[in-house]
Amino acid sequence: LALGNTLVDMYAKCDMMSAAHEAFDRLPCQDIVSWNVLLAGYADQCHLKKILQEFKRMQSRGVSPDDVTYTTCLRACCNVEAVTEGQGMHSEIEKKGFFDIGFVSSMLVDMYAKFGLLMEAQYLFDKHPIHDLCLWNVLIAGYTEHEQSERAFECLKQMQSKGVSPDVTTLFYSLKACGSLGATDKGADLHMEITKKGLVEKDIVIGNTLIGMYVKCGLLAAAHKMFDILPFRDIGSWNALIAGYDELKDNEDVFLVFDRMLGEGMIPDAVTFILLLNACSRRGLLERASEYFEAMSKDYGIEPTAEHHNCLVDLLGRVGHLGKAMTNITELPCFSD
RNA sequence: UUCGUUUUCUAGAC
């Protein structure tokens, strides 16, 4: 049975849900793990209805949900912002006494935080007996992502005073909080701490986040210096720098950064083109935008998404071509947004 | 055998 469960899990993780379901049906009997891996597959695919349906079905077959089941269902609710369903799961969790389990509670707090229901998130955090690193992180992330970075800092302080030391995730959000508050000094402190721990060498993402932090603080020179001292650079590093030049320089230097990037053999991604198109939009450069838009799919095989079209429509509107903007909108494969 | 937090873009107007 363990082997069969692994098979279902493998299909589910490859997003092959029909194969997963088939493998599931072929099992001699379905235990709690079988159901859990099936549900996890649907959770990742954002099929909430399907999940709730299977969740009911497992119970009607006499299998009662465990802590893993609830964490999975919460993740599904979180993914599709299903507040009511999430609250329903929450009350079942409390009734069955699963709340104290670390995985369950951090998912629960994370869900409420992502919904922007931070009072509820904080309340649950406070009443939880054990504040592990992950529970702190979801709370800090919640405050940071909802314009309450001061509170994020308070949490960070409290966390450290309780002897829990920040990990990479904590530092990501702390840097983000510095950015949105323009807290340059705090940012520089964190930078030192990160350097001391040798994390810049270990994790490119943290270096990229530092670039972003300096940009948000309006310090382009510092951002550029950070970029220069990175041990190596990925597309995220370049994108962060391009974003910085876009935001902090009114001239066309941002395009020079892009050219330099190409010169160094880095391949742009979808985000790069959103940045470039936005940069053109702000500067009213219709010609250049059209060139980038064309090059994107032609030279790099990146299919334009709604975001890319948004940039173009915005630009067309800005330079007074509302008619063309309309044409662009109506020509979209789908105009759901 | 199954579960939790992880960077880079996300405007404009007021």
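A, B, ... follow the sequence lines: proteins, then strands. Residue 1 opens every chain. Note: hydrogens, waters and symmetry copies are ignored here, and every other heavy atom, side chains too, is used.
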Atom-to-atom span, CD1 of A:Ile93 to P of B:C3 - whole angstrom: 17 Å
Side-chain H-bond candidate by donor/acceptor type, A:Asn137 with A:Asp167, under 3.5 Å: yes
Under 4.0 angstrom between A:Tyr173 side-chain N/O and B:U6 OP1 or OP2: yes
Sugar-phosphate only, base, or nothing, as touched by A:Ala2 at under 4.0 Å among non-hydrogen atoms: base
Closest to side chain of A:Asn137, choosing from B:U8, B:C9, B:U5: B:U5
Neighbour count >12 (heavy atoms, 6.0 Å) for atom CD, A:Glu287: no
Watson-Crick or G-U stems of RNA chain B, 3 or more pairs, under 3.5 Å, by first number: none
Nearest listed nucleotide, side chain of A:Lys114, among B:U8, B:G4, B:U5: B:U5
Side-chain-base donor-acceptor pair under 3.5 Å for A:Asn36 and B:U2: yes
Under-4.0 Å side-chain N/O to phosphate OP1/OP2 contact, A:Lys202 with B:U7: no
Euclidean distance, atom CG of residue A:Leu190 to atom C1' of B:U6 [Å, nearest integer]: 16 Å
Among B:U1, B:U7, B:U2, the nucleotide that comes nearest once only the side chain of A:Thr209 is considered: B:U7
Ring pair (Phe, Tyr, Trp, His ring centres under 6.0 Å) contacts touching residues 154-203 of chain A (sequence neighbours left out): A:His191-A:Tyr214
Sugar-phosphate, base or nothing in reach of A:Gly4, heavy atoms under 4.0 Å: nothing
Ring centroid separation A:Phe99 to A:His128 under 6.0 Å: yes
Rounded interatomic separation in angstrom, taking CG from A:Asn310 and P from B:U10: 13 Å
OP1 or OP2 of B:C9 under 4.0 Å from side-chain N/O of A:Lys216: yes
Proximal nucleotide (of B:A11, B:C3, B:U6) relative to the A:Asp314 side chain: B:A11
A:Asn5 side chain to A:Asp31 side chain, donor-acceptor N/O pair below 3.5 angstrom: yes
Minimum-distance nucleotide to A:Asn278 side chain [options: B:G4, B:U2, B:U10]: B:U10
Whether A:Tyr292 and A:Phe258 hold their rings parallel, tilted or perpendicular, with breakpoints at 30° and 60°: perpendicular
Sugar-phosphate, base or nothing in reach of A:Val138, heavy atoms under 4.0 Å: sugar-phosphate
Interatomic distance, A:Phe98 CZ vs B:U2 C1' [rounded to whole Å]: 14 Å
Distance, rounded to the nearest Å, where A:His128 contributes NE2 and B:G4 contributes P: 16 Å
Sugar-phosphate only, base, or nothing, as touched by A:Asp132 at under 4.0 Å among non-hydrogen atoms: base
Face-to-face contact A:Phe172 to B:U6 six-ring, under 5.5 Å, under 30°: no
Distance-only donor-acceptor test, A:Thr71 side-chain atoms vs B:C3 base atoms, 3.5 Å: yes
Closest listed nucleotide, where the reference is the side chain of A:Asp110 and the choices are B:C9, B:U5, B:U7: B:U5
Nucleotide nearest A:Thr6 when distance is taken to its side chain, options B:C3, B:U1, B:G12: B:U1
Whole angstrom value for the distance that separates P of B:C9 from CG of A:Asn208: 10 Å
Parallel, tilted or perpendicular: rings of A:His90 and A:Tyr112 (30°, 60°): perpendicular
Shortest non-hydrogen separation from A:Val83 to A:Phe115 and the atoms involved: CA-CE1, 3.6 Å
Spacing between A:Phe99 atom CZ and B:G4 atom P, to the nearest angstrom: 18 Å
Touch class at under 4.0 angstrom, heavy-atom based, for A:Val68 against every strand present: base
Length of the line joining A:Leu39:CG and B:G4:P, which is rounded to integer Å: 14 Å
Minimum-distance nucleotide to A:Arg282 side chain [options: B:C9, B:C3, B:G12]: B:G12
A:Tyr11 OH: over 12 foreign heavy atoms closer than 6.0 Å: no
